[in-house]
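Written below as structure tokens is the structure these notes are about.
Every number for a ligand or one of its atoms is a count from 1 in the order of the listing. Numbering starts at 1 and runs along the sequence shown.
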Amino acid sequence: MLSNRHLIATSLVIGCGALLGACGPTNENQPAVVISGTTMGTYYRVSMVGLDKSREPELRQQIEAQLKEDDHELSTYKNDSVLSRFNQYQGTDPQPISNGMADAIITSLRIGHKTDNEMDITVGPLVNLWGFGPTKEPVKMPTQQQIDAARAEIGLQHLKVIQQVNGDFLQKDMPNMYVDLSTVGEGYATDHLARLVEGNGISNYLVSVGGAVVSRGHNPEGKPWQVAIQKPTDKENAVEAIVDLQGMGISTSGSYRNYYELDGKRLSHIIDPATGRPITHKLVSATVIAPTALEADGWDTGLMVLGTQKALALAEKEHLAVYLITKEPNGFKITMTPQFKAYLRKADKSR
Ligand code: ADP
Ligand code: MG
């Protein structure tokens, strides 16, 4: 997420050896160099095996520059970001964007269509109305009239990416549209960090930004990196399952960390574009493994909006690796697709 609402550890998925220490002691011969910090209202962490310690400052500088560039493109919290300027622009001419941003929007639009518009990057006016964007939380429940007015400003069909030899462009046919890429921001930044690390000749790494992770190769112990899926509680670091990503990207979206209460109701930051209101069903978290973290980050939100049954049906149809946690009267129920099971650590496969 690109939210600066509160700086919380939204990483529902966290790296081995990082917060959990799930991989055991590090090998003295090949220690990991770990560079971490904050970005986009959340935490990032880059663990690299095989990097000469003397190169750490240079890598930190490259990583921070890359994160700054991504934030400058996608942030809706910065008035001068590429996306904010597009949102402020009250016209319908194509506006130039980077090739990476074009790809992220194309992926988001594709996932949007596949989820029956439940994942909708034009949902910004509703996100802001409910106080999950740069605007403050409302003190009163939004009225149906306000919700309808915001809903009239959204719709994936009004947004188009144009890719030409002279560059990539973004075009809207309603001047007052407000695009919100927060839902794919963490995945976007994670993929970029993975590419940056590989570009420096490092093939054993684990990178994460918020709830999105990519890992490749092995950890300092010479074993595959393992990533933990947290239990859906407010407590940090309670492990539900451990996966070995084998070079893939993973992302979790959950409704139990980013919320506030109004009139005694818990309001989640994930909005159902069909009703214009925060989701209310019992699916509390959706985790997706996909070839890129961006793709995983796009799907997880769409699946959260769909709810357990529809999310599972879509995951099966699209052959997605999906892990869902649903609230039941006496605890939580786990459901996953066979594609996800293949990534589970052996001890967890018997579930
Ligand atoms: P997080 O890591 O915070 O759980 P997500 O990837 O689930 O992030 O994205 C949540 C963010 O996406 C919200 O804060 C909001 O800005 C935006 N959003 C909310 N509902 C939708 C939706 N239906 N489609 C696309 N984006 C959404
Ligand atoms: Mg997401």
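- Here R45 contributes atom CZ and T39 contributes atom OG1; the two are 15.5 Å apart, rounded to the nearest 0.5 Å.
- Using a 4.0 Å cut-off to heavy atoms of M119, the atoms of ligand 1 that qualify are 24 (N), 25 (C).
- The shortest N or O to N or O distance between D272 and ligand 1 is not below 3.5 Å.
- Every atom of ligand 1 with a heavy atom of D297 under 4.0 Å away is listed here by number and element: 6 (O).
- For the residue pair T301 and T183, a side-chain donor N or O sits within less than 3.5 Å of a side-chain acceptor on the partner.
- When you scan the N, O or S atoms of D300 for the one nearest the Mg ion (ligand 2), you land on OD1.
- Of the options N128, V123, I271, the smallest heavy-atom separation from atom 23 (N) of ligand 1 is shown by I271.
- The Mg ion (ligand 2) has an N, O or S atom of T301 inside 2.8 Å of it.
- Set against the non-hydrogen atoms of V305, the atoms of ligand 1 under 4.0 Å away are 23 (N).
- Close approach to I270 involves these atoms of ligand 1, each under 4.0 Å from a residue heavy atom: 7 (O), 19 (C), 20 (N).
- Remark: Y188 engages H192 in a ring-ring contact (aromatic ring centres under 6.0 Å, His included) (not counting sequence neighbours).
- Applying the 4.0 Å criterion to heavy atoms of V127 picks out, from ligand 1, the atoms 15 (C), 16 (O), 19 (C).
- Of the residues listed (D300, I105, L294), the one engaging V184 in a side chain to side chain contact (heavy atoms under 4.5 Å, CB included) is L294, and it is the only one.
- At least one donor-acceptor pair closer than 3.5 Å links the side chain of W225 to the backbone N or O of H218.
- Counted by atom type alone, Q171 and D93 present zero donor-acceptor pairs between their side chains at under 3.5 Å.
- Counting only residues at least two apart or on different chains, the salt bridge (Lys or Arg N to Asp or Glu O under 4.0 Å) pairs with a member in residues 304-320 are K114-E318.
- Applying the side chain to side chain contact (heavy atoms under 4.5 Å, CB included) test between S253 and each of E186, M119, M304 identifies M304 as the sole match.
- Contact atoms of ligand 1 toward D180: 15 (C), 16 (O), 17 (C) (distance under 4.0 Å to a heavy atom of the residue).
- Draw a line from the Mg ion (ligand 2) to OD1 of D297 and another to O of T183, and the angle between them is 70° (to 10°).
- Heavy-atom contacts of E118 reach the following atoms of ligand 1: 22 (C), 23 (N), 24 (N) (cutoff under 4.0 Å).
- With ligand atoms numbered from 1 in the order given, ligand 1 contributes 16 (O) to contacts under 4.0 Å with heavy atoms of S182.
- Judged purely by distance below 3.5 Å, without hydrogens or angles, the side chains of D148 and Q144 pair a donor atom with an acceptor atom.
- The pair E64-K68 does not meet the salt-bridge criterion, since no charged nitrogen lies less than 4.0 angstrom from a carboxylate oxygen.
- Counting backbone and side-chain atoms alike, E186 contributes no N/O/S atom closer than 2.8 Å to the Mg ion (ligand 2).
- Distances from ligand 1 to the non-hydrogen atoms of P273 include at least one value under 4.0 Å.
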